[in-house]
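Some notes on the structure that comes next.
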Amino acid sequence: MTQSRPNEFIAPPECPVFEPTWEEFADPFAYINKIRPIAEKTGICKVRPPKEWQPPFACDVDRLHFTPRIQRLNELEAQTRVKLNFLDQIAKFWELQGCTLKIPHVERKNLDLYQLNKLVNDDGGFDAVCRDRRWSKIALKMGFAPGKAIGSHLRSHYERILYPYNLFQTGANLLKPTLTNDTKDTDYIPHDLPQRQSVQPLETCSIARRAKRMRGGCMKTETAEDCENRPNLRRRMGSYVAKPEPQLVKPVEVKLEPTEHEDPITSDKESVDQYMCLVCGSGSEEDRLLLCDGCDDSYHTFCLIPPLHDVPKGDWRCPKCLAQECGKPQVAFGFEQAGRDYSLRTFGDMADSFKSDYFNMPVHMVPTELVEKEFWRLVSTIEEDVTVEYGADIASKEFGSGFPIRGGRFQVSPEDEDYLSSGWNLNNMPVIDSSVLTHVTADICGMKLPWLYVGMCFSSFCWHIEDHWSYSINYLHWGEPKTWYGVPGYAAEKLEGVMKKLAPELFESQPDLLHQLVTIMNPNTLMNHGVPIYRTNQCAGEFVITFPRAYHSGFNQGFNFAEAVNFCTMDWMPMGRMCVDHYRHLDRYCVFSHDEMVCKMASKADTMDVALASAVQRDMTVMLQEEDKLRDKVSKMGVQQSQQVEYDLLPDEERQCSRCRTTCYLSALTCPCNPGQLVCLHHAQDLCSCPPNNLTLNFRFTMAELYPMMEAVTLRAESYTGWVSHVTNILEAKQDKKSSLEVLRSLVEDAEVKQFPQSDLLRQLCAVTVDAEKCAVVAQQLLNGKRQTRFRSGGGKSQSQNLLTVEELRSFVRQLHKLPCSIRQAPLLKDLLTRVDDFQQRSERLLSDEAPRPAELQSLLDVSLSLDVELPQLSLLRERLEQARWLEVVQGASSQPHSLCLDTMRRLIDQGVGLASHALVERAMARLQELLTMSEHWEERALSLMETRPCHCVETLEAALQEVASIPAYLPNCLLLKDTVDQAKDWLQEADTLQLGGRIPVLDTLTDLVSRAKTISVWLDPLARLEALVSDVQAWKEIAAKTFLMKNSPYSLLEVLCPRCEAGTGSQKSKSKRAKDVAQFNKRSGTWLDCLSDVENALLESKDSASAMATLAEVRQKEMESLLALRASNESKLLQTGDCGALRVCVCHNAPLGAMLQCELCSDTFHRSCVSGSNQDPQPNHAWLCPHCRRSEKPPLDRVLPLLASLQRIRVRLPEGDALRFLIERTVRWQHRMQQASAEGVLGVSLTSHQRWGSSSPTTAPSRETYSASFYTDHQCIPLQGLSPELEELMVEGFLLQVTLPETQQLYMSLSRLDSHNLTDSPSPQHSTEQDQHQHNPQGGSPPHIQNGVACLKKEAVNGKRTKRCMEKEGSERKDKAKKPRKKKPKVNKERSQEAKGTCSPTATHSDLSLSDSDEDFTLCAAQWCREPEGKQVNWVQCDGSCQQWFHQICVGVSAEQAEKEDYICIKLILFI
């Protein structure tokens, strides 16, 4: 099975990235030493220089030519390379057997032969797996789905390909090959090994592990078709199946026999004897005899075990040759050099073309994540063979560094000269003064001289550590990023162990494989085995630093140019010596001699930096101790000869230990038996077998010379060492031996003056000194109460956040105790801590109380002000104080419910929400919330009860108020509801009083009651009835106004119906000049009824109709007196005035002129032009009244009487009703007087001898009467002088009546006839008759003309209400009366009976008209909503209650039978019951 696609690559965590400032960037070693504690934990780190640091690229691009290395990606990965090596061995095995290896397909994928072989061997081998039938389990372990019989296929493939190889490995005889050269199995594909070695190394390349073998006779020649079908090596291989090779491509080699001239018979015999089977010893059956292509041995096909059925057509090796060829050791793996030379430009074109073709997109658009995942996929697969090239380890000395150097070919501009001496210039970093490599004299490429690296996409550098475990720094000048992976130094052995565990086959042949830089392993695999790995993407202009013994690897994202070099700081020296020991165990050569470097540094002790001298002194001490032991050991061995050798003058190759390849410097052993070899003292026994006394100890320095060298270094470092000792003693001093802070300051000053190195000890001393100084300052500030150690970051933090907590104070006191120096403020701080502890104890006691008093809490808080410490109890104390104060406020508010409104409760709840949780607060909050909820509910309900339409009744609201009464809160809506209920009760009481008082209500009282009821949001039962009454009254007033008022009349209805208070005036708003003539009458009559408003007020204030009638009678008397006086004044004015120009008459108040009209009532004259064109024009035989005197339409009496009847049915008193009643009574009285005047003959004697009337009849037009030369009257007027006072009063009152009566016209005509015919005083027969009728009235009632008026009233009532009565016509009146129930008669109260006794009282007359039994046929239905039935028969029913009113049966829903058998009570009485 072919290896399945690995899991997607998961990127390791990022390594730290540092961005130094210009000050930090100035000294590279100081900055690296600063970041080392952080960066060495990840093994690698990235440094971004300041943006302004941009060195020019100084490399000579035109001269730079290089030959890159060829990298086949799937050969780089350790586990993938193991699989490929295994396939190589299988392929070689079958090639030597004359067969071509073809990898079988299973499930359309190439079979992983390595995994199959490993799983079968782990399960006990082929025989065990077959015996136990575990092939299905093998298939499952290889990832195949169960149930497809894959196990049998795997067994067949194993038995054909792997089983013979395993038998061969065990040493058994080779069985018959199961694969032959002519096998036509389409399930297999050729291994195609020549493709993987298409680029052959040179003959001199020692690392071409397959070159020689593949150029041997075993390699088959490829056809042109195979070459064409071979895929591009830089593309994916896919599942390529090679065609079977033609059999005649390569001829089979035939061995040439010796060409000796012998006898043909002898030659044939010898030839036959020469080729004999080595198994059976016979030379027969030559056609079955096989000749080995390696050793010329012969074997019969049937003699082999197992025997062969056919002769192999390809090359064949016998079992001995096969074992010899396959047993050869493998050549060490290494990179091959490319076959062509590149310039930087041509390599870049190739690299960009490869990447853009591979990813099918522009190079700059390929994401780095995609490249990373694809790289690790390619290195982990054997199916795709992608080859790239990498220009690595290019010597900068030959082509020039990317950085500018002094004396170089690159001309540096003046502004870039600083880069020549910059410590970050990789040419300078290894050799600056603080670098250890400065003392290595040789120019070591890669360590002291930078190397250049030109990369392309997927070109990689494998896992490795730097030589001598040194630091390395890499700078990417330009190009696409370089991806790095690093392992910290402490995990180096962990990584080595994991790789040896996962790929042991590689380390068996190459123990120092990781030092060859040719092996890589997936970081995810290493991380899964516990190796910590970090990554980063190095972009152009960035440094990547690796730390000692930190394994690192990576690859390039694309075409780029980088430069790298090693450097060593003085902290590296112990690691360097450890690395030499490590190399000794690996038999690995050293790049330089560590001991030689130390000795050269010691030889310059006088000028050495003290810090470096201290490091050298420590390393030299270890070196001398070890050297002394080794020399003593050699001496004890018996080596007696010694000589001094200047090894520093010899090249490294001539002084390497022949055993461990370590470069010797201090000493070595040689022997005369082998002059060219030497060994180090560690391997003194491995030089030769000669006795020790033959050996010679070669030394560079004697021990006596080495110790003075160390003493010189020690003296140089002595000052620093003494300082270090002093500092160490102080830092480790006990409590009773502590030094003062001033001593620490002096030590820091000494280090600055003597320029001691920035060691950990100095940094520790500085940190301790700074801490001690801070502690002293903080302690002093704490004692002074002005401490502020933490600074605010904005945002309005409280001051307590800038204070030490109690634990911090306690820790601070402990810190003072632990300081290596003493501070004088420490005892005072202990006292402060004691006071703080006392405060905390008191706080705990007070906070444990459930209900502490606010005063105690405040007192304790006052104590805390003297403690400049952040006390955790302060917040709790403040919370409890707020809670206690809040509870007091709540308790006070609850004790005064009249002031506890909703806003107060909400405010208290809002305040309570902000308080900390507490049982008392929660209970108080619950009570407040419950009270608020209940109050809000009842406020909303009260408002709803008042706003609901239709309104609720009083009982419902009272029930709600009873529930509200128990709520201890001030509720405005509930109080408003209570006021509303009180108003409703008062209103109902007034309504009940109004109904039960027996008096007819006044309209204003009803109107006020209705208007008040509309403002009360309560259902009031009487309101509808009262509104109906008011509506009926308003309707009645509208009908009355239409009846009396003229169109566009300036007078109101009351003003028309009432007697005039101010006679002779045009309106109520302005008085006429003629009012001055009647002022004397007004004085006699009183001034409290001077205007209409006075009369209206008097009527409203009257208790009953009688008092109203009396008031109106008084106004009538005043009206008569005023008008009579006005008539006399106007008449005398016209008769006596000689100069007409001084007169002011008419409505225009101008002088009389021309034709004038004289009013019959006020006797004033008017210009005809002023009153013409209106309804005021004079008519023949009719009295003419001026506009002031004609105030209404003067409807006939039969139209007025129904108005009074309908008002009486409404039973509401109003000023207009009283005025109408008085008008009717006044009319009736006037009619009575008129009748009396006619009976007494007053009309016959009323005229005097003075006649100014013409002799024409009443039917003729009156004659003009001239008063002066300037004007004359155009209408005949009854003269004032010819009338008696009684007759004049009768006539004036008749004209004042706002009712049209025939008697008025009769009187006017009578007076006109008297004047025309000079009538006598004898009464007329008509009057006599009327008088007789009056005298013979049996009831003592009204005279005939009054009765006629009553008849008119009844007739009008019948005509006006015919739709209600719906009686039959005149012929059916008696029949209807007979059908009407007669069991009940209306009762007449005492008041009405008393009024009926007086025949002269208009009230009595009216009561008789409306309530007498003789008029019951004309009684109207008392139902409020009368249906006005019509038809021949209308049935009635009388109320059996106190009202005794009559109703239509159909209007009240009573049948005729119910009316006869049952008592009926009207709805009005039922409501009041």
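No experiment lies behind these values; they were computed from the predicted model shown. When reading the values below, keep in mind they use all heavy atoms of this one structure, side chains included, and skip hydrogens, waters and symmetry mates.
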If you take all heavy atoms of Pro532 and Pro488, which pair is closest and at what distance? O-CD, 3.5 Å
Do Pro13 and Met527 come within less than 4.5 Å of each other through their side chains, counting heavy atoms only? yes
Minimum heavy-atom distance between Cys15 and Lys46, given as atom pair plus value: SG-N, 4.1 Å
Compare all side-chain heavy atoms of Leu977 with those of Leu945 and state whether any distance is below 4.5 angstrom. yes
Quick check: does any side chain N or O of Glu882 sit under 3.5 Å from a backbone N or O of Glu879, one acting as donor and the other as acceptor? no
Quick check on Leu865: does its CG atom have over 12 non-hydrogen neighbours (other residues, nucleotides or ligands) under 6.0 Å away? yes
Which heavy atom in Pro50 sits nearest to a heavy atom in Pro20, and how many Å separate them? CG-O, 3.7 Å
Counting only heavy atoms not in Glu742, do more than 12 sit closer than 6.0 Å to its CD atom? yes
Lys978 bridged to Asp982 by N-O distance under 4.0 Å: yes
Show, in sequence, the C-alpha distance, side-chain angles and deciding distance for Arg927 and Glu930, and conclude whether the salt bridge (charged side-chain N to carboxylate O under 4.0 Å, His left out) test is met. CA-CA 5 Å; Arg927 289 195 299 269; Glu930 181 181 3; over 6 Å; no
More than 12 heavy atoms of other residues, nucleotides or ligands under 6.0 Å from CZ of Arg745: is that the case? yes
Keeping His552 on the side-chain end and Ala550 on the backbone end, is there a donor-acceptor pair under 3.5 Å? yes
Least distance between heavy atoms, Pro49 atom then Gly541 atom: CD-O, 3.2 Å
Between Asp910 and Arg906, is there a side-chain N and carboxylate O pair less than 4.0 Å apart? no
Any donor-acceptor pair under 3.5 Å linking the side chain of Glu752 with the backbone of Glu749? no
Is it the case that the side chains of Tyr970 and Asp903 hold a donor-acceptor pair, with the cut-off being a distance below 3.5 Å and no angle test? no
Which pair of heavy atoms, one from Lys830 and one from Val813, lies closest together, and at what distance? CG-CG1, 4.0 Å
Assess, by modelled atom type and distance only, whether the side chains of Gln538 and Trp484 contain a donor and an acceptor separated by less than 3.5 Å. yes
Thr42 side chain to Ile38 main-chain N or O, any donor-acceptor pair under 3.5 Å? no
Do Gln858 side-chain atoms and Leu881 backbone N/O form a donor-acceptor pair below 3.5 Å? no
If you count every heavy atom of other residues, nucleotides or ligands that lies below 6.0 Å from Trp53 atom CH2, does the total exceed 12? yes
So how far is it from Arg1012 CZ to Leu1023 CG, rounded to the nearest 0.5 Å? 11.5 Å
Quick check for you: to the nearest 0.5 Å, what is the distance between Leu931 atom CG and Leu908 atom CG? 10.5 Å
Are the side chain of Arg885 and the backbone N or O of Arg880 linked by a donor-acceptor pair below 3.5 Å? no
Within the structure provided, determine whether Leu1020 and Leu988 are in side-chain contact (heavy-atom separation under 4.5 Å). yes
Please step through side-chain contact (heavy atoms from CB on, under 4.5 Å) for the pair Arg810 and Val806, ending with a clear verdict. CA-CA 6 Å; Arg810 187 171 284 107; Val806 177; 3.7 Å; yes
Are Thr769 and Glu773 packed together at the side-chain level, in the sense that at least one heavy-atom pair is separated by less than 4.5 angstrom? yes
Hey, does the side chain of Ser859 reach the backbone of Glu856 with a donor-acceptor pair shorter than 3.5 angstrom? no
Could you walk me through whether Ser811 and Arg814 pass the side-chain contact (heavy atoms from CB on, under 4.5 Å) check? CA-CA 5 Å; Ser811 176; Arg814 288 196 298 265; 3.8 Å; yes
Out of the candidates Ser935, Ser895, Ser894, Pro897, only one should pair with Pro968 under the side chain to side chain contact (heavy atoms under 4.5 Å, CB included) rule; please name it. Pro897
Between the CZ atom in Arg36 and the OH atom in Tyr471, the distance rounded to the nearest 0.5 Å is 5.0 Å
Say you draw a straight line from CG of Leu957 to CD of Gln962; how long is it, rounded to the nearest 0.5 Å? 11.5 Å
Any side-chain to backbone donor/acceptor pair from Gln883 onto Ala916? Under 3.5 Å, distance only. yes
For the residue pair Thr569 and Asn33, establish whether any side-chain heavy-atom pair is separated by less than 4.5 Å. no
Could you walk me through whether Leu819 and Cys775 pass side-chain contact (heavy atoms from CB on, under 4.5 Å), step by step? CA-CA 9 Å; Leu819 283 176; Cys775 290; 4.2 Å; yes
Can you check whether Val47 reaches Glu542 side chain to side chain, under 4.5 Å on heavy atoms? no
Sub-4.5 Å side-chain heavy-atom contact between Val727 and Leu731: yes
Measure the acute angle between the ring planes of Phe25 and Trp424, then classify it against the limits of 30° and 60° as parallel, tilted or perpendicular. parallel
Can you spot which of Leu747, Val770, Ile730 makes a side chain to side chain contact (heavy atoms under 4.5 Å, CB included) with Leu765? Leu747
Can you classify the ring geometry of Tyr485 versus Phe9 as parallel (below 30°), tilted (30 to 60°) or perpendicular (above 60°)? perpendicular
Smallest heavy-atom separation, Ala984 atom then Ile1016 atom, equals CB-CG2, 3.9 Å
Any sub-3.5 Å donor-acceptor pair from Asn729's side-chain atoms to Ser725's backbone N or O? yes
Quick check against the 3.5 Å criterion: does Ser843 have a side-chain atom that pairs as donor or acceptor with the backbone of Phe839? yes
To the nearest 0.5 Å, how far apart are CD in Glu24 and CZ in Phe18? 10.5 Å
Answer yes or no: is there a side-chain heavy-atom contact under 4.5 Å between Glu40 and Cys45? no
Would Lys774 and Val777 satisfy side-chain contact (heavy atoms from CB on, under 4.5 Å), going step by step from the backbone distance to the final call? CA-CA 5 Å; Lys774 289 182 178 180; Val777 173; 5.7 Å; no
What's the separation between atom CG in Leu495 and atom NE2 in His529, rounded to the nearest 0.5 Å? 11.5 Å
